[in-house]
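Written out below as C-alpha coordinates is the structure these notes cover.
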2 protein chains.
Amino acid sequence: MALGKDYATQECSIARALEIVGERWTLLVMRDALYGVRRYNDFLVHLGIPRAVLAARLQTLTAEGLLEKRRYQQSPPRDEYVPTERGIALWPVLRSLGLWGREHFGRKPLRLFRHADCGTELGPYGECPACGTTVPVPDVLMEPGPGADPDPADPVSRALLRPKRLLAPLEPDPV
Amino acid sequence: MALGKDYATQECSIARALEIVGERWTLLVMRDALYGVRRYNDFLVHLGIPRAVLAARLQTLTAEGLLEKRRYQQSPPRDEYVPTERGIALWPVLRSLGLWGREHFGRKPLRLFRHADCGTELGPYGECPACGTTVPVPDVLMEPGPGADPDPADPVSRALLRPKRLLAPLEPDPV
DNA sequence: CACGGTAGGTTCGGTCATTGAACCGACTCC
DNA sequence: GGAGTCGGTTCAATGACCGAACCTACCGTG
(Lines give C-alpha, C1' and ligand atoms only; values in the text may rest on other atoms or scores of the structure.)
Protein backbone atom coordinates (compact mmCIF):
# COMPACT_ATOMS: atom_id res chain seq x y z
CA MET A 1 0.00 0.00 0.00
CA ALA A 2 2.45 2.43 1.19
CA LEU A 3 3.15 6.07 1.03
CA GLY A 4 3.00 7.52 -2.42
CA LYS A 5 1.79 4.25 -3.83
CA ASP A 6 -1.90 4.01 -4.43
CA TYR A 7 -4.45 2.07 -6.35
CA ALA A 8 -3.57 4.17 -9.34
CA THR A 9 -6.45 5.15 -11.56
CA GLN A 10 -9.08 3.64 -9.30
CA GLU A 11 -11.35 6.46 -8.28
CA CYS A 12 -13.82 4.01 -6.87
CA SER A 13 -14.71 4.64 -3.25
CA ILE A 14 -13.86 1.06 -2.37
CA ALA A 15 -10.35 1.63 -3.65
CA ARG A 16 -10.08 4.89 -1.73
CA ALA A 17 -11.25 3.16 1.41
CA LEU A 18 -8.67 0.45 0.92
CA GLU A 19 -5.93 3.02 0.58
CA ILE A 20 -6.66 3.96 4.17
CA VAL A 21 -7.63 0.70 5.84
CA GLY A 22 -6.31 -1.83 3.34
CA GLU A 23 -2.83 -2.28 4.73
CA ARG A 24 -1.95 -5.29 6.78
CA TRP A 25 -2.99 -4.95 10.44
CA THR A 26 -4.89 -1.71 9.97
CA LEU A 27 -8.39 -3.17 10.22
CA LEU A 28 -7.37 -5.27 13.18
CA VAL A 29 -6.09 -2.17 14.94
CA MET A 30 -9.42 -0.48 14.28
CA ARG A 31 -11.29 -3.54 15.48
CA ASP A 32 -9.38 -3.45 18.75
CA ALA A 33 -9.94 0.28 19.02
CA LEU A 34 -13.70 -0.21 18.73
CA TYR A 35 -13.47 -2.98 21.30
CA GLY A 36 -12.04 -0.44 23.72
CA VAL A 37 -8.30 -0.92 23.37
CA ARG A 38 -6.60 2.46 23.57
CA ARG A 39 -2.98 2.10 24.61
CA TYR A 40 0.06 1.29 22.54
CA ASN A 41 1.03 -1.56 24.76
CA ASP A 42 -2.42 -3.09 24.80
CA PHE A 43 -2.56 -3.13 21.01
CA LEU A 44 0.91 -4.63 21.00
CA VAL A 45 0.09 -7.43 23.37
CA HIS A 46 -3.29 -8.25 21.95
CA LEU A 47 -2.38 -8.20 18.26
CA GLY A 48 1.15 -9.54 18.34
CA ILE A 49 2.02 -6.86 15.81
CA PRO A 50 5.63 -5.67 15.36
CA ARG A 51 6.23 -2.48 17.31
CA ALA A 52 7.40 -0.50 14.32
CA VAL A 53 4.34 -1.45 12.30
CA LEU A 54 2.02 -0.53 15.14
CA ALA A 55 3.65 2.86 15.51
CA ALA A 56 3.30 3.46 11.77
CA ARG A 57 -0.35 2.38 11.71
CA LEU A 58 -1.32 4.49 14.69
CA GLN A 59 0.30 7.46 13.05
CA THR A 60 -1.45 7.13 9.72
CA LEU A 61 -4.78 6.32 11.38
CA THR A 62 -4.40 9.46 13.44
CA ALA A 63 -3.40 11.47 10.40
CA GLU A 64 -6.41 10.20 8.44
CA GLY A 65 -8.72 11.06 11.29
CA LEU A 66 -9.88 7.58 12.29
CA LEU A 67 -8.19 7.78 15.67
CA GLU A 68 -7.47 10.68 17.95
CA LYS A 69 -4.29 10.80 19.99
CA ARG A 70 -5.09 12.04 23.44
CA ARG A 71 -2.79 12.72 26.37
CA TYR A 72 -4.25 11.12 29.44
CA GLN A 73 -1.36 11.69 31.80
CA GLN A 74 1.30 14.35 31.91
CA SER A 75 4.17 12.74 33.69
CA PRO A 76 5.41 10.57 32.29
CA PRO A 77 3.64 11.68 29.13
CA ARG A 78 1.22 9.00 28.02
CA ASP A 79 -1.18 9.07 25.11
CA GLU A 80 -4.16 6.97 24.21
CA TYR A 81 -5.75 6.46 20.81
CA VAL A 82 -9.50 6.88 20.71
CA PRO A 83 -11.71 6.23 17.69
CA THR A 84 -13.22 9.32 16.08
CA GLU A 85 -16.58 9.40 14.40
CA ARG A 86 -14.88 8.47 11.16
CA GLY A 87 -13.26 5.49 12.82
CA ILE A 88 -16.48 4.43 14.51
CA ALA A 89 -18.17 4.52 11.13
CA LEU A 90 -16.09 1.49 10.18
CA TRP A 91 -18.23 -0.67 12.44
CA PRO A 92 -20.48 -1.95 9.65
CA VAL A 93 -17.41 -2.93 7.66
CA LEU A 94 -15.91 -4.85 10.55
CA ARG A 95 -19.24 -6.39 11.41
CA SER A 96 -19.86 -7.65 7.88
CA LEU A 97 -16.29 -8.89 7.53
CA GLY A 98 -16.59 -10.78 10.79
CA LEU A 99 -19.90 -12.33 9.81
CA TRP A 100 -18.49 -13.40 6.47
CA GLY A 101 -15.43 -14.93 8.08
CA ARG A 102 -17.47 -16.78 10.64
CA GLU A 103 -20.03 -17.98 8.16
CA HIS A 104 -17.54 -19.30 5.67
CA PHE A 105 -14.48 -20.26 7.65
CA GLY A 106 -15.31 -20.17 11.30
CA ARG A 107 -16.85 -22.36 13.84
CA LYS A 108 -18.39 -20.88 16.91
CA PRO A 109 -18.45 -17.13 17.35
CA LEU A 110 -15.85 -15.71 19.71
CA ARG A 111 -17.91 -12.71 20.61
CA LEU A 112 -21.59 -11.87 20.69
CA PHE A 113 -23.07 -8.44 20.20
CA ARG A 114 -26.30 -7.35 21.76
CA HIS A 115 -28.40 -4.25 21.96
CA ALA A 116 -27.56 -2.92 25.43
CA ASP A 117 -31.07 -1.53 25.93
CA CYS A 118 -32.96 -4.77 25.40
CA GLY A 119 -30.40 -7.58 25.32
CA THR A 120 -31.35 -8.82 21.87
CA GLU A 121 -28.59 -10.15 19.66
CA LEU A 122 -27.75 -7.88 16.77
CA GLY A 123 -28.82 -8.70 13.25
CA PRO A 124 -26.38 -8.93 10.36
CA TYR A 125 -26.29 -5.18 9.78
CA GLY A 126 -25.95 -4.15 13.41
CA GLU A 127 -29.66 -3.57 13.76
CA CYS A 128 -31.75 -4.73 16.70
CA PRO A 129 -34.38 -7.19 15.47
CA ALA A 130 -36.56 -6.47 18.51
CA CYS A 131 -36.47 -2.69 18.46
CA GLY A 132 -36.19 -2.44 14.69
CA THR A 133 -33.55 0.27 14.91
CA THR A 134 -29.92 0.52 13.94
CA VAL A 135 -28.07 0.31 17.21
CA PRO A 136 -25.60 3.15 17.81
CA VAL A 137 -22.12 1.75 18.33
CA PRO A 138 -21.85 2.86 21.97
CA ASP A 139 -25.03 0.93 22.70
CA VAL A 140 -23.66 -2.34 21.46
CA LEU A 141 -22.86 -4.74 24.24
CA MET A 142 -20.04 -7.16 23.55
CA GLU A 143 -19.71 -10.42 25.43
CA PRO A 144 -17.78 -13.63 24.91
CA GLY A 145 -19.41 -16.19 22.62
CA PRO A 146 -19.38 -19.98 22.78
CA GLY A 147 -16.08 -20.17 20.89
CA ALA A 148 -14.15 -17.92 23.26
CA ASP A 149 -11.11 -19.20 25.10
CA PRO A 150 -12.16 -19.04 28.77
CA ASP A 151 -8.64 -18.36 30.05
CA PRO A 152 -6.48 -16.51 27.57
CA ALA A 153 -2.84 -15.70 28.28
CA ASP A 154 -2.67 -11.98 27.72
CA PRO A 155 -4.39 -9.48 30.01
CA VAL A 156 -6.08 -7.65 27.14
CA SER A 157 -7.91 -10.76 26.00
CA ARG A 158 -8.90 -11.38 29.59
CA ALA A 159 -10.24 -7.86 29.91
CA LEU A 160 -12.25 -8.36 26.72
CA LEU A 161 -13.94 -11.41 28.23
CA ARG A 162 -15.96 -9.27 30.57
CA PRO A 163 -19.12 -7.99 28.91
CA LYS A 164 -18.70 -4.36 27.99
CA ARG A 165 -20.00 -1.79 25.57
CA LEU A 166 -18.11 -1.04 22.39
CA LEU A 167 -15.81 1.98 22.67
CA ALA A 168 -15.80 1.80 26.47
CA PRO A 169 -12.18 1.66 27.63
CA LEU A 170 -10.74 -1.60 28.87
CA GLU A 171 -10.94 -2.18 32.57
CA PRO A 172 -7.63 -3.33 34.02
CA ASP A 173 -7.47 -6.88 35.29
CA PRO A 174 -8.86 -6.99 38.84
CA VAL A 175 -7.22 -9.83 40.84
CA MET B 1 -0.48 -11.76 4.66
CA ALA B 2 1.05 -14.34 2.58
CA LEU B 3 1.50 -18.02 2.50
CA GLY B 4 2.42 -19.56 5.79
CA LYS B 5 2.25 -16.21 7.48
CA ASP B 6 -0.94 -15.47 9.29
CA TYR B 7 -2.41 -13.26 11.91
CA ALA B 8 -0.88 -15.52 14.50
CA THR B 9 -2.96 -16.11 17.58
CA GLN B 10 -5.94 -14.16 16.28
CA GLU B 11 -8.82 -16.60 16.17
CA CYS B 12 -11.25 -13.79 15.59
CA SER B 13 -13.38 -14.21 12.50
CA ILE B 14 -12.38 -10.77 11.30
CA ALA B 15 -8.76 -11.88 11.35
CA ARG B 16 -9.63 -15.09 9.54
CA ALA B 17 -11.52 -13.14 6.92
CA LEU B 18 -8.56 -10.85 6.44
CA GLU B 19 -6.26 -13.80 5.92
CA ILE B 20 -8.30 -14.53 2.80
CA VAL B 21 -9.27 -11.14 1.47
CA GLY B 22 -6.85 -8.88 3.32
CA GLU B 23 -4.02 -8.92 0.84
CA ARG B 24 -3.43 -6.03 -1.45
CA TRP B 25 -5.66 -6.09 -4.54
CA THR B 26 -7.75 -9.03 -3.38
CA LEU B 27 -10.88 -7.08 -2.49
CA LEU B 28 -10.61 -5.06 -5.67
CA VAL B 29 -10.47 -8.25 -7.68
CA MET B 30 -13.60 -9.46 -5.90
CA ARG B 31 -15.30 -6.14 -6.50
CA ASP B 32 -14.63 -6.41 -10.20
CA ALA B 33 -15.77 -10.02 -10.18
CA LEU B 34 -19.10 -8.98 -8.67
CA TYR B 35 -19.35 -6.22 -11.24
CA GLY B 36 -19.20 -8.87 -13.94
CA VAL B 37 -15.53 -8.94 -14.86
CA ARG B 38 -14.51 -12.53 -15.53
CA ARG B 39 -11.43 -12.65 -17.72
CA TYR B 40 -7.80 -12.36 -16.81
CA ASN B 41 -7.23 -9.60 -19.29
CA ASP B 42 -10.22 -7.60 -18.21
CA PHE B 43 -9.07 -7.64 -14.60
CA LEU B 44 -5.62 -6.66 -15.79
CA VAL B 45 -6.78 -3.69 -17.81
CA HIS B 46 -9.33 -2.45 -15.35
CA LEU B 47 -7.27 -2.73 -12.19
CA GLY B 48 -3.79 -1.90 -13.47
CA ILE B 49 -2.55 -4.77 -11.32
CA PRO B 50 0.78 -6.46 -12.08
CA ARG B 51 0.26 -9.65 -14.05
CA ALA B 52 2.05 -11.87 -11.57
CA VAL B 53 0.00 -10.56 -8.67
CA LEU B 54 -3.25 -11.04 -10.55
CA ALA B 55 -2.34 -14.63 -11.37
CA ALA B 56 -1.49 -15.28 -7.73
CA ARG B 57 -4.70 -13.69 -6.43
CA LEU B 58 -6.91 -15.54 -8.88
CA GLN B 59 -5.28 -18.76 -7.83
CA THR B 60 -5.75 -18.29 -4.10
CA LEU B 61 -9.28 -16.94 -4.56
CA THR B 62 -10.08 -20.04 -6.56
CA ALA B 63 -8.42 -22.27 -3.99
CA GLU B 64 -10.38 -20.63 -1.17
CA GLY B 65 -13.60 -21.06 -3.05
CA LEU B 66 -14.52 -17.43 -3.69
CA LEU B 67 -14.11 -17.78 -7.44
CA GLU B 68 -14.63 -20.69 -9.75
CA LYS B 69 -12.39 -21.22 -12.75
CA ARG B 70 -14.47 -22.22 -15.69
CA ARG B 71 -13.44 -23.13 -19.22
CA TYR B 72 -15.59 -21.24 -21.65
CA GLN B 73 -13.76 -22.14 -24.83
CA GLN B 74 -11.75 -25.18 -25.82
CA SER B 75 -9.41 -23.93 -28.47
CA PRO B 76 -7.47 -22.03 -27.60
CA PRO B 77 -8.23 -22.99 -24.00
CA ARG B 78 -9.69 -20.01 -22.21
CA ASP B 79 -10.97 -19.82 -18.64
CA GLU B 80 -13.11 -17.34 -16.84
CA TYR B 81 -13.38 -16.69 -13.13
CA VAL B 82 -16.89 -16.56 -11.77
CA PRO B 83 -17.84 -15.67 -8.19
CA THR B 84 -19.14 -18.56 -6.11
CA GLU B 85 -21.74 -18.21 -3.40
CA ARG B 86 -18.93 -17.61 -0.93
CA GLY B 87 -17.54 -14.85 -3.11
CA ILE B 88 -20.96 -13.30 -3.66
CA ALA B 89 -21.42 -13.22 0.11
CA LEU B 90 -18.72 -10.56 0.22
CA TRP B 91 -21.15 -8.06 -1.26
CA PRO B 92 -22.13 -6.54 2.10
CA VAL B 93 -18.46 -6.06 2.94
CA LEU B 94 -17.75 -4.30 -0.33
CA ARG B 95 -20.92 -2.27 -0.07
CA SER B 96 -20.12 -1.03 3.43
CA LEU B 97 -16.52 -0.32 2.53
CA GLY B 98 -17.62 1.66 -0.47
CA LEU B 99 -20.14 3.66 1.52
CA TRP B 100 -17.55 4.42 4.17
CA GLY B 101 -15.03 5.52 1.59
CA ARG B 102 -17.52 7.71 -0.20
CA GLU B 103 -18.91 9.22 2.96
CA HIS B 104 -15.56 10.11 4.44
CA PHE B 105 -13.24 10.67 1.52
CA GLY B 106 -15.24 10.78 -1.65
CA ARG B 107 -17.25 13.25 -3.55
CA LYS B 108 -19.91 12.09 -5.89
CA PRO B 109 -20.64 8.39 -6.19
CA LEU B 110 -19.20 6.68 -9.24
CA ARG B 111 -21.86 4.02 -9.35
CA LEU B 112 -25.43 3.73 -8.18
CA PHE B 113 -27.15 0.53 -7.15
CA ARG B 114 -30.84 -0.05 -7.53
CA HIS B 115 -33.31 -2.81 -6.94
CA ALA B 116 -33.85 -4.16 -10.45
CA ASP B 117 -37.50 -5.03 -9.72
CA CYS B 118 -38.61 -1.57 -8.67
CA GLY B 119 -35.81 0.85 -9.53
CA THR B 120 -35.37 2.12 -5.97
CA GLU B 121 -31.86 2.99 -4.85
CA LEU B 122 -30.45 0.55 -2.35
CA GLY B 123 -30.16 1.44 1.33
CA PRO B 124 -26.89 1.23 3.22
CA TYR B 125 -27.16 -2.49 3.83
CA GLY B 126 -28.19 -3.48 0.33
CA GLU B 127 -31.86 -3.52 1.22
CA CYS B 128 -34.60 -2.00 -0.87
CA PRO B 129 -36.31 0.79 1.11
CA ALA B 130 -39.44 0.48 -1.02
CA CYS B 131 -39.89 -3.28 -0.91
CA GLY B 132 -38.42 -3.67 2.53
CA THR B 133 -36.41 -6.72 1.55
CA THR B 134 -32.74 -7.51 1.25
CA VAL B 135 -32.08 -7.49 -2.45
CA PRO B 136 -30.36 -10.63 -3.77
CA VAL B 137 -27.09 -9.73 -5.45
CA PRO B 138 -28.22 -10.77 -8.95
CA ASP B 139 -31.15 -8.41 -8.62
CA VAL B 140 -28.97 -5.39 -7.99
CA LEU B 141 -28.83 -3.06 -10.93
CA MET B 142 -25.62 -1.08 -11.28
CA GLU B 143 -25.45 2.13 -13.24
CA PRO B 144 -23.03 5.04 -13.48
CA GLY B 145 -23.43 7.74 -10.84
CA PRO B 146 -22.90 11.49 -11.07
CA GLY B 147 -19.18 11.13 -10.39
CA ALA B 148 -18.48 8.71 -13.21
CA ASP B 149 -16.08 9.58 -16.00
CA PRO B 150 -18.32 9.67 -19.11
CA ASP B 151 -15.56 8.53 -21.48
CA PRO B 152 -12.98 6.33 -19.81
CA ALA B 153 -9.96 5.03 -21.68
CA ASP B 154 -10.14 1.31 -21.11
CA PRO B 155 -12.87 -0.86 -22.63
CA VAL B 156 -13.75 -2.51 -19.32
CA SER B 157 -14.62 0.81 -17.70
CA ARG B 158 -16.66 1.65 -20.77
CA ALA B 159 -18.52 -1.62 -20.56
CA LEU B 160 -19.26 -0.93 -16.89
CA LEU B 161 -20.90 2.37 -17.81
CA ARG B 162 -23.87 0.60 -19.31
CA PRO B 163 -26.44 -0.25 -16.66
CA LYS B 164 -26.25 -3.93 -15.83
CA ARG B 165 -27.01 -6.36 -13.08
CA LEU B 166 -24.31 -7.44 -10.68
CA LEU B 167 -22.69 -10.75 -11.63
CA ALA B 168 -23.93 -10.47 -15.20
CA PRO B 169 -20.95 -10.82 -17.53
CA LEU B 170 -19.53 -7.77 -19.26
CA GLU B 171 -20.88 -7.09 -22.69
CA PRO B 172 -18.11 -6.36 -25.18
CA ASP B 173 -17.88 -2.82 -26.51
CA PRO B 174 -20.38 -2.40 -29.37
CA VAL B 175 -19.18 0.41 -31.69
C1' DC C 1 21.42 7.13 45.10
C1' DA C 2 21.39 2.64 42.55
C1' DC C 3 18.34 -0.59 40.66
C1' DG C 4 14.55 -2.57 38.40
C1' DG C 5 10.40 -1.97 35.93
C1' DT C 6 6.95 0.19 32.62
C1' DA C 7 5.28 2.81 28.66
C1' DG C 8 6.08 4.23 24.20
C1' DG C 9 8.64 4.46 21.00
C1' DT C 10 13.09 4.24 17.15
C1' DT C 11 16.72 1.73 14.72
C1' DC C 12 18.51 -2.07 12.30
C1' DG C 13 19.57 -6.19 9.40
C1' DG C 14 17.23 -9.91 7.10
C1' DT C 15 13.34 -11.76 4.73
C1' DC C 16 9.35 -11.77 2.02
C1' DA C 17 5.92 -9.62 -1.13
C1' DT C 18 5.08 -6.48 -4.87
C1' DT C 19 6.32 -4.28 -9.03
C1' DG C 20 7.15 -3.56 -14.02
C1' DA C 21 9.16 -5.39 -17.85
C1' DA C 22 10.38 -9.07 -20.63
C1' DC C 23 9.45 -13.48 -22.33
C1' DC C 24 6.61 -17.57 -23.88
C1' DG C 25 3.29 -20.93 -25.93
C1' DA C 26 -1.00 -21.82 -28.06
C1' DC C 27 -3.96 -20.38 -30.96
C1' DT C 28 -6.56 -17.29 -34.73
C1' DC C 29 -6.92 -14.22 -38.50
C1' DC C 30 -5.31 -12.30 -42.72
C1' DG D 1 4.21 -16.53 -43.01
C1' DG D 2 3.46 -12.69 -39.94
C1' DA D 3 0.90 -10.08 -36.71
C1' DG D 4 -2.08 -10.12 -32.92
C1' DT D 5 -4.62 -11.94 -28.69
C1' DC D 6 -5.01 -14.35 -24.44
C1' DG D 7 -3.21 -16.11 -20.30
C1' DG D 8 0.23 -16.82 -18.21
C1' DT D 9 5.61 -17.39 -16.06
C1' DT D 10 10.23 -15.54 -14.96
C1' DC D 11 13.28 -12.13 -13.39
C1' DA D 12 15.75 -8.25 -11.01
C1' DA D 13 14.80 -4.33 -8.18
C1' DT D 14 12.22 -2.13 -4.83
C1' DG D 15 9.72 -1.66 -0.79
C1' DA D 16 7.11 -3.47 3.20
C1' DC D 17 7.25 -6.34 7.12
C1' DC D 18 9.46 -8.90 10.77
C1' DG D 19 11.82 -9.68 15.30
C1' DA D 20 15.15 -8.19 18.24
C1' DA D 21 17.78 -4.79 20.33
C1' DC D 22 18.12 -0.33 21.88
C1' DC D 23 16.62 4.27 23.87
C1' DT D 24 14.31 7.83 26.78
C1' DA D 25 11.39 9.29 30.45
C1' DC D 26 9.63 8.38 34.43
C1' DC D 27 8.19 5.84 38.85
C1' DG D 28 8.83 2.94 43.06
C1' DT D 29 11.68 0.58 46.23
C1' DG D 30 15.44 0.02 49.59
Side-chain angles (χ1 to χ4, degrees), chain A residues 1-10 18-19 21-29 32 37-62 67 69-82 154-156 169-170 172-173, chain B residues 1-10 18-19 21-29 32 37-62 67 69-82 154-156 169-170 172-173:
Chain A
M1 222 67 63
L3 312 88
K5 282 283 188 184
D6 54 4
Y7 288 111
T9 52
Q10 303 293 323
L18 287 174
E19 278 178 35
V21 297
E23 289 178 300
R24 191 146 147 77
W25 295 112
T26 303
L27 275 178
L28 290 180
V29 170
D32 272 19
V37 178
R38 294 185 171 189
R39 317 226 310 220
Y40 183 90
N41 229 38
D42 288 346
F43 285 111
L44 205 65
V45 166
H46 190 231
L47 292 173
I49 180 177
R51 305 176 77 88
V53 176
L54 176 59
R57 293 297 181 272
L58 290 175
Q59 208 181 337
T60 71
L61 285 173
T62 305
L67 295 179
K69 188 172 186 172
R70 209 149 69 180
R71 179 136 309 180
Y72 67 92
Q73 165 185 306
Q74 288 302 333
S75 169
R78 291 285 178 269
D79 300 312
E80 58 184 5
Y81 297 87
V82 189
D154 71 291
V156 178
L170 252 47
D173 232 341
Chain B
M1 226 66 64
L3 312 89
K5 283 283 186 184
D6 54 4
Y7 289 111
T9 53
Q10 303 293 323
L18 287 174
E19 278 179 34
V21 296
E23 289 178 300
R24 191 146 147 78
W25 294 111
T26 303
L27 275 178
L28 290 180
V29 170
D32 271 19
V37 177
R38 294 186 170 188
R39 319 231 301 226
Y40 183 89
N41 228 40
D42 288 345
F43 285 111
L44 205 64
V45 166
H46 190 231
L47 292 173
I49 180 178
R51 306 176 77 88
V53 176
L54 176 59
R57 294 297 182 270
L58 289 175
Q59 209 180 337
T60 71
L61 285 173
T62 305
L67 295 179
K69 188 172 185 172
R70 209 150 69 180
R71 179 136 310 179
Y72 67 93
Q73 165 186 306
Q74 287 304 333
S75 170
R78 290 285 178 269
D79 301 311
E80 58 184 5
Y81 297 87
V82 188
D154 71 289
V156 178
L170 252 47
D173 231 342

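In the text below, chain A, chain B and the rest are named by the order of the sequence lines, each starting its count at 1.
Of the two residues contacting DNA chain C, namely Ala52(B) and Leu58(A), the nearest-nucleotide position lying further toward the 5' end is that of Leu58(A).
Using a 4.5 Å heavy-atom threshold, the side chains of Tyr40(A) and Leu58(A) count as touching. Put simply, the side chain of Thr62(A) reaches to within 4.5 Å of the side chain of Tyr81(A), judged on heavy atoms.
Straight-line distance from the CZ atom of Phe43(A) to the P atom of dG9(C): 11 Å, rounded to whole Å. Rounded to whole Å, atom P of dT5(D) lies 15 Å from atom CD of Gln73(B). Look at CG on Leu44(A): it is 12 Å from C1' on dG19(D), rounded to the nearest Å. The CG-C1' distance, from Leu54(A) to dA16(D), rounds to 16 Å in whole Å. Going from atom CZ of Arg70(A) over to atom P of dG8(C) covers 15 Å, rounded to whole Å. Atom-to-atom, CG of Asp42(A) to P of dA7(C) comes out at 8 Å; the value is rounded to the nearest Å. When the P atom of dG15(D) is taken as reference, atom CZ of Arg24(B) falls 13 Å away, rounded to whole Å. With rounding to whole Å, Arg51(A) atom CZ is found 10 Å from dA7(C) atom P.
Although no hydrogens or angles enter the test, the distance criterion places a donor-acceptor pair under 3.5 Å between the side chain of Gln73(B) and the main chain of Pro76(B).
Remark: Glu23(B) CD to Arg24(A) CZ distance equals 8.5 Å, nearest 0.5 Å.
Residue contacts shown for Val53(A) are limited to sugar-phosphate atoms, with no base heavy atom under 4.0 Å away.
A close approach under 4.0 Å does occur between a side-chain nitrogen or oxygen of Arg57(A) and OP1 or OP2 of dC17(D). Taking side-chain N and O atoms only, Lys69(B) has a distance below 4.0 Å to OP1 or OP2 of dG8(D). Trp25(B) has a side-chain polar atom (N or O) that falls below the 4.0 Å cut-off from OP1 or OP2 of dT19(C).
Not counting sequence neighbours, Arg38(A) has no partner by the side chain to side chain donor-acceptor pair (under 3.5 Å) test. With sequence neighbours left out, the side chain to side chain donor-acceptor pair (under 3.5 Å) criterion links Asp42(B) to no other residue.
Looking at the side chain of Ala55(B), the nearest of the listed nucleotides dG8(D), dT18(C), dC17(D) is dG8(D). In this structure, of dA7(C), dT9(D), dG9(C), it is dG9(C) that holds the atom nearest to the side chain of Tyr40(A).
Looking at residues 74-82 of chain A, you'll see Arg78(A), Asp79(A), Tyr81(A) sit with a heavy atom under 4.0 Å from some atom of DNA chain C.
Residues Tyr72(B) and Arg39(B) bring a donor and an acceptor atom of their side chains to less than 3.5 Å of each other.
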